[in-house]
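Structure record follows, encoded as structure tokens.
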Amino acid sequence: MHSIYNCHEDCQVINRNTCSPRSYYIPYGSYLDAIEKSKEKSDRLINLTGSWNYRIYSDIRDVPDFSSPGAEKEISGRNTLMLPSNIETAKLDIPQINNAYPFPCDIPYIAQVNPAAVFYRNFYVDEQFDGFKKYFVCEGSSPYYLFINGYFAGYTQGRCKLSEFDISGLITSGKNSICIVTVKYADSSYLECQDMINLWGIFGDMYILSRPKGHIIDYKITPKLTDSMRGANINVKVRSILSDGISITIIDPNGEAVESRPADDEGNAQFYIETPYIWSAESPDLYTVVISQGGEYIAAKMGIRDIEIENGIFKINNRTVKLRGVVFNPVSTVTGYAMTLGEMHSSLIRMKKNNINAIRFNQPPLPEMIQLCDNIGMYVINDTGIDCSFMPDEIDASDISVLRSAYMDRAEYMYERDKNSACVIIWSLGHNAGESSNLVACYDYLKQHD
């Protein structure tokens, strides 16, 4: 095995060169585009969904080092595959039903023979974005190594994690190449092995974002009902490379601008909305919060709602709510984990028609599924995806210190990606995930942030 492929059996390496976790958003170059256009039509996005050259290797040890000159010749011009896709749904591997770990339980080591899939394609960067920072984003995949123009760019693991890499120093205007090496198994498999059909591949959208050097990094929107629900305080906290020039506009569900104001030097802005539209599963009214800086615009959806537990009674918007829910594994019989927007929408509508108002995901869904739950009106119990169902009875994975980083990584990425979503009412630490210190650390993190 080439020394560059040394991350997937190292519990201390969850990510290499990734950006910090953040909210899910797409930047645009104009105000109207941000509030009207789908993400694929953003002028700041290079869409990598589509046809890729690929090659399947029976073992990662046979995969060449794609940072070596000429290595891409093994892939370019070969068979093509549409991504996102699972290897099994593309009929390049056989679906595997889990009733035990598919390798001996010997953390961090995995199967002696570990299949790998390599994907390669070219993309083009317009010269109008010279001087902009460039980021590669993948919305969900098996563990993968990333190469840009023959340079190693990074590694990450964690199913349905929004992974992002700053590749500004690796690409130029004009023609560029990207190579992704995915592995079927990694030490992360110990935390993601469920009693279900296991699939691997790249199953989330991929794209490259062009962003000004002083761009927004992240934001948190905190709405709070006041005055016996006759008003709402809205706090917007923006984290940016530059502290000045941040402007925030709130648009009501009817498309009318409510108020616009600049953020202060610390990126904060406070608003008060009188007689607000209140979000619930029955009335999923959403405001739009447009955050702009340096010619970049981000449109975030905001639902105003309150959650509390009073005398042991769970309440939403000061009303007792009965959760009529299902446990939902976000996987399609046709596309596997690479569910299309249409498949996600039809699944949720079918639930609504059957009087279901809540979902507990047993693994993190793709980010657009959470957006649909906001729009359609579905209470969500979000999940880290940690599942150690097949760990031997005498072993508690949450008590294994070398797995602490993997536990925390899943909790952080789950929370940060979906922290602004009104539909999420409960954060789940996982299932069959143990009962010891690693889970306590995740719990403390979530309590501290939410």
Side-chain angles (χ1 to χ4, degrees), residues 1-22 57 59-61 63 66 83-84 86-87 96 98 101-103 105-111 114-119 136-147 152-165 179-194 198-206 336-338 363-367 383-388 391 397-398 400-417 430 433 438 442:
M1 185 189 303
H2 295 283
S3 60
I4 202 163
Y5 305 120
N6 60 3
C7 300
H8 61 279
E9 286 187 321
D10 186 344
C11 290
Q12 302 304 315
V13 181
I14 311 301
N15 306 290
R16 183 162 284 173
N17 300 337
T18 53
C19 300
S20 299
R22 61 163 174 86
Y57 292 83
D59 188 64
I60 183 65
R61 289 170 289 192
V63 177
F66 285 95
L83 293 180
N86 290 128
I87 303 300
Q96 174 180 303
N98 287 337
Y101 286 127
F103 41 77
C105 184
D106 184 19
I107 300 171
Y109 305 110
I110 48 173
N114 187 10
V118 180
F119 304 101
F136 170 78
V137 180
C138 178
E139 296 183 359
S141 74
S142 299
Y144 70 90
Y145 297 85
L146 175 67
F147 298 84
F152 174 65
Y155 167 84
T156 192
Q157 62 185 41
R159 188 181 294 160
C160 281
K161 182 169 79 176
L162 185 74
S163 53
E164 183 173 31
F165 298 85
C179 178
I180 298 175
V181 178
T182 64
V183 289
K184 185 171 185 177
Y185 305 118
D187 51 82
S188 58
S189 301
Y190 284 102
L191 302 185
E192 295 176 348
C193 199
Q194 303 172 0
N198 188 53
L199 306 173
W200 66 294
I202 297 174
F203 38 85
D205 288 343
M206 294 176 291
Y337 295 143
Q363 61 174 306
L366 294 171
D383 195 87
T384 60
I386 299 173
D387 189 322
C388 309
M391 196 69 67
S398 68
I400 300 175
S401 59
V402 294
L403 295 179
R404 173 70 61 85
S405 296
Y407 269 76
M408 290 297 299
D409 186 74
R410 283 158 177 75
E412 291 172 10
Y413 273 86
M414 172 191 68
Y415 169 75
E416 296 294 344
R417 191 192 75 174
N438 294 343
C442 295

Under the ring pair (Phe, Tyr, Trp, His ring centres under 6.0 Å) test, residues paired with Tyr57 that sit two or more places apart: none

Check: Arg417 and Pro367 side chains under 4.5 Å, non-hydrogen atoms: yes

Taking every non-hydrogen atom, the tightest pair across Asp187 and Asp10: OD2-N, 3.1 Å

Parallel, tilted or perpendicular, as decided by the 30° and 60° cut-offs, for the rings of Tyr145 and Phe152: tilted

Non-hydrogen atoms of Val63 and Ala116 that approach each other most closely: CG2-CB, 3.8 Å

Atom pair OG1 (Thr18) and CG (Asp409), whose distance is rounded to the nearest 0.5 Å: 7.5 Å

Listed partners of Tyr109 passing side chain to side chain contact (heavy atoms under 4.5 Å, CB included), at least two apart: Glu9, Asp106

Sequence-distant partners of Ser163, side chain to side chain contact (heavy atoms under 4.5 Å, CB included), two or more places apart: Cys138, Tyr144, Thr156, Phe165

Stepwise side chain to side chain contact (heavy atoms under 4.5 Å, CB included) check, Asp387 with Leu191: CA-CA 5 Å; Asp387 189 322; Leu191 302 185; over 6 Å; no

Non-hydrogen side-chain atoms of Val118 and Phe66 separated by less than 4.5 Å: yes

Glu192: side chain to side chain donor-acceptor pair (under 3.5 Å) partners, not counting sequence neighbours: Arg410

Contacts of Asn86 that satisfy side chain to side chain donor-acceptor pair (under 3.5 Å) - sequence neighbours left out: none

Straight-line distance of Tyr5 OH to Arg61 CZ, nearest 0.5 Å: 14.5 Å

Residues which pass salt bridge (Lys or Arg N to Asp or Glu O under 4.0 Å) with Arg22, listed by chain and number, not counting sequence neighbours: Glu164

Separation of Thr384 OG1 from Tyr413 OH (nearest 0.5 Å): 15.0 Å

Straight-line distance of Ser398 OG to Ile386 CD1, nearest 0.5 Å: 9.0 Å

Arg16 vs Leu146 side-chain heavy atoms within contact, under 4.5 Å: no

Ile202 CD1 to Glu139 CD distance, which is reported to the nearest 0.5 Å: 12.5 Å

Under the salt bridge (Lys or Arg N to Asp or Glu O under 4.0 Å) test, residues paired with Glu412 that sit two or more places apart: none

pair Val402-Pro108: side-chain heavy atoms closer than 4.5 Å: no

Side chain Ser189, main chain Ala186, donor-acceptor under 3.5 Å: yes

Those residues that, when tested against Tyr185, pass ring pair (Phe, Tyr, Trp, His ring centres under 6.0 Å) (two or more places apart): Phe103

Side chain proximity check, His8 to Ile110, heavy atoms < 4.5 angstrom: yes

Donor-acceptor contact present, side-chain Asp59 to main-chain Asn114, <3.5 Å: yes

Listed partners of Asn438 passing side chain to side chain donor-acceptor pair (under 3.5 Å), at least two apart: Arg404

Non-hydrogen side-chain atoms of Met408 and Ile14 separated by less than 4.5 Å: no

Atom pair OH/CG of Tyr337 and Leu199 - distance to nearest 0.5 Å: 5.0 Å

Worked check of side chain to side chain contact (heavy atoms under 4.5 Å, CB included) between Asp383 and Gln363: CA-CA 6 Å; Asp383 195 87; Gln363 61 174 306; 5.5 Å; no

Partners meeting side chain to side chain contact (heavy atoms under 4.5 Å, CB included) with Cys160 (sequence neighbours left out): Phe203, Pro364, Leu366

Side chains of Ile400 and Ile107 in contact at under 4.5 Å (non-hydrogen atoms): yes

Listed partners of Tyr407 passing side chain to side chain donor-acceptor pair (under 3.5 Å), at least two apart: none

Note, Met391 side chain near Cys105 side chain (heavy atom, < 4.5 Å): yes

Contacts of Ala117 that satisfy side chain to side chain contact (heavy atoms under 4.5 Å, CB included) - sequence neighbours left out: Ile56, Ile87, Phe119, Thr182, Trp200

